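Presented below is the structure to which this report refers.
Keep in mind that what you see is a predicted model, and the values were worked out from it rather than measured.
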Amino acid sequence: MMLAILLTAGTALLGAGIGAGLVAIGAGLGIGKIGAAAMEGMARQPEAAGKLQSGMLIIAALIEVIALFGVVACFLIASNNSIVEAL
């Protein structure tokens, strides 16, 4: 019985850690792709640089908010009292 509780708690903590890492990697890749596309667009049409930059910043902020939600969800899983008490 105790082994099952420890395995469940360990699996939950492992999942929370992996989930937080995947969220961070996904956000980094998404923002990198947006930045690359914006730079290419600015190189092709320099007169549209202002519009591209403002759009890029808004979308990057939205990606950061989604990543923050994901990390908070993983933190809530990791700090669940029943999991922590089992350890």
Side-chain angles (χ1 to χ4, degrees):
M1 179 66 178
M2 186 65 171
L3 180 62
I5 292 172
L6 287 176
L7 285 176
T8 304
T11 305
L13 292 174
L14 182 66
I18 291 173
L22 288 175
V23 165
I25 290 171
L29 289 174
I31 291 174
K33 193 166 190 168
I34 289 170
M39 290 297 124
E40 184 179 343
M42 287 180 206
R44 290 177 186 264
Q45 292 183 334
E47 66 275 1
K51 289 183 179 181
L52 288 172
Q53 185 177 12
S54 62
M56 176 189 69
L57 289 175
I58 290 170
I59 292 178
L62 292 174
I63 289 174
E64 285 295 326
V65 169
I66 291 171
L68 181 64
F69 283 144
V71 169
V72 167
C74 292
F75 179 72
L76 289 174
I77 292 170
S79 64
N80 190 354
N81 283 338
S82 62
I83 295 172
V84 173
E85 289 173 1
L87 296 175

Exercise. What's the spacing between Ser79 OG and Leu13 CG if we round to 0.5 Å?
Worked result: 9.5 Å
Problem set entry | Shared-cluster residues of Met39, by chain and number - hydrophobic side chains joined below 4.5 Å | Met42, Leu52
For this session: Grab the two heavy atoms, one from Gly19 and one from Cys74, that are nearest each other, plus how far apart they are.
Result: C-SG, 3.6 Å
For this session: Measure the CD1-CG distance between Ile31 and Leu62 for me, rounded to the nearest 0.5 Å.
Result: 10.0 Å
Exercise. When rounded to the nearest 0.5 angstrom, what distance separates CD1 in Ile58 from CD1 in Ile34?
Worked result: 11.5 Å
Exercise. What are the two closest non-hydrogen atoms of Ile77 and Ala16, and how far apart are they?
Worked result: CG2-CB, 4.0 Å
